[in-house]
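Notes for the one structure printed next.
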Amino acid sequence: MYPDAHCELDFTTPLELLVATILSAQCTDRRVNKVTPVLFARYRSAADYASANQEELENIIRSTGFYRTKARNIIALGQRLCDEHGGEVPDRLEDLVKLPGVGRKTANVVLGNAFGVPGLTVDTHFGRLVRRFGMTRQTDPVKVEQEIAALFPPEEWTMLSHRLIWHGRRVCHARRPACGACELQHLCPSYGEGPVDEETARRLVRTGPFS
DNA sequence: ATCCCGAGGG
DNA sequence: CCCTCTGGAT
């Protein structure tokens, strides 16, 4: 079944989780966890990141991909945390998403796992899964969040997000969902139908047949 | 070769 | 809406 943890990243402080989550964009948590021990030993505070040498930081995080963008963002992030938040990671969504390199996905991961603030993390997997499962027909992530939030108690939101994302990554793929390997096949209205959600279908028309 | 547990920008 | 940024896993 699914891992019980809400988060597979290794961290001990909100700042560590925030940085690790930024690194995890388009990259597996396993790879992130390989660089964070070195990273966190070298940079221990927002001020450390603010004064980091761009090239040195790039070299440490290179293997996580998009390293130039990420290094720039993390340095700017350190500066902003020092300038506007007393060197601390803010615990409100509105503040988090204003930070460089931090979008809804990253902000919600930090809120849920570092601060215990309930929130749904609607990424591409989450949206696709709840659509296939017939729980909503919305494509706009904000509307998806609203509709799904109404179906579950807040204390389950962080765990729910993690599980759906995890399942989408490993089983319920966009193109060729592994319906045969899915524990939920007998409950799923889209079982065996292939890429049924509109977004994916539209992409397939553009990029060619999926089989 | 192809895809990725995102974000920023045109 | 579309594109770009990157290395690594498969």
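Just so it is clear, the structure is predicted and the values come from calculations on it, not from any experiment. Proteins get letters first, then strands, A, B, ... in listed order; numbering begins at 1 in each.
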*Pull out every residue in residues 145-155 of chain A that has a heavy atom closer than 4.0 Å to any atom of DNA chain C, ordered by number, or say none.*
none
*Specify the closest pair of heavy atoms between A:Glu183 and A:His186, including all atoms of both residues, with the distance to one decimal.*
O-CE1, 3.4 Å
*Choose from C:dT6, C:dG7, B:dG6 the nucleotide whose nearest atom is closest to any side-chain atom of A:Thr124.*
B:dG6
*Check the distance between B:dC3's P and A:His173's NE2 and give it to me in whole angstrom.*
12 Å
*Send over the distance from A:Asp123 CG to B:dC3 P, rounded to a whole Å.*
18 Å
_Of the listed nucleotides B:dC4, B:dG6, C:dT6, the one nearest the side chain of A:Tyr67_ = C:dT6
*asked:* Are A:Ser45 and A:Asp48 packed together at the side-chain level, in the sense that at least one heavy-atom pair is separated by less than 4.5 angstrom?
replied: yes
*How many Å lie between NZ on A:Lys70 and C1' on C:dT4, as a whole number?*
14 Å
_Separation of atom CZ in A:Arg62 from atom C1' in C:dC5, rounded to whole Å_ = 14 Å
*Identify the heavy atoms of A:Pro14 and A:Val89 that sit nearest to each other, and give their distance.*
C-CG2, 3.9 Å
*Provide the closest heavy-atom pair for A:Trp157 versus A:Phe152 in the form atom of the first, atom of the second, distance.*
NE1-O, 2.9 Å
*Report yes or no: do A:Arg30 and A:Asn33 form a side-chain donor-acceptor pair below 3.5 Å?*
no
*Measure across A:Leu187 and A:Phe133 and return the closest heavy-atom pair with its distance rounded to 0.1 Å.*
O-CZ, 3.6 Å
*Which nucleotide, C:dT6, C:dG7, B:dG6, lies nearest any side-chain atom of A:Arg31?*
C:dG7
*So what does A:Ser63 touch, heavy atoms closer than 4.0 Å: a base, only the sugar-phosphate, or nothing?*
sugar-phosphate
_Between A:Glu84 and A:Lys98, does any NZ, NE, NH1 or NH2 come within less than 4.0 Å of an OD or OE carboxylate oxygen?_
no
Each nucleotide N or O in nucleotides 7-10 of chain B that has a protein N or O under 3.5 Å away: list the pair and distance.
from, atom 1, to, atom 2, distance (Å)
B:dA7, OP1, A:Gly103, N, 3.1
B:dA7, OP1, A:Thr106, N, 2.9
B:dA7, OP1, A:Thr106, OG1, 2.3
B:dA7, OP2, A:Lys105, N, 3.4
B:dG8, OP1, A:Gly101, N, 2.9

*Measure from CD on A:Gln26 to C1' on C:dA9 and round the result to the nearest Å.*
13 Å
_Sub-4.5 Å side-chain heavy-atom contact between A:Arg131 and A:Thr139_ = yes
*Non-hydrogen atoms of A:Phe126 and A:Ile148 that approach each other most closely*: CZ-CG2, 4.0 Å
_Protein-nucleotide distance (A:Lys34, atom NZ; C:dA9, atom C1'), rounded to Å_ = 12 Å
*asked:* Just the rounded figure in Å: distance from C1' of B:dG6 to CG of A:Leu77.
replied: 15 Å
*Mind calculating the distance between CG (A:Asn33) and C1' (C:dG8) to the nearest angstrom?*
15 Å
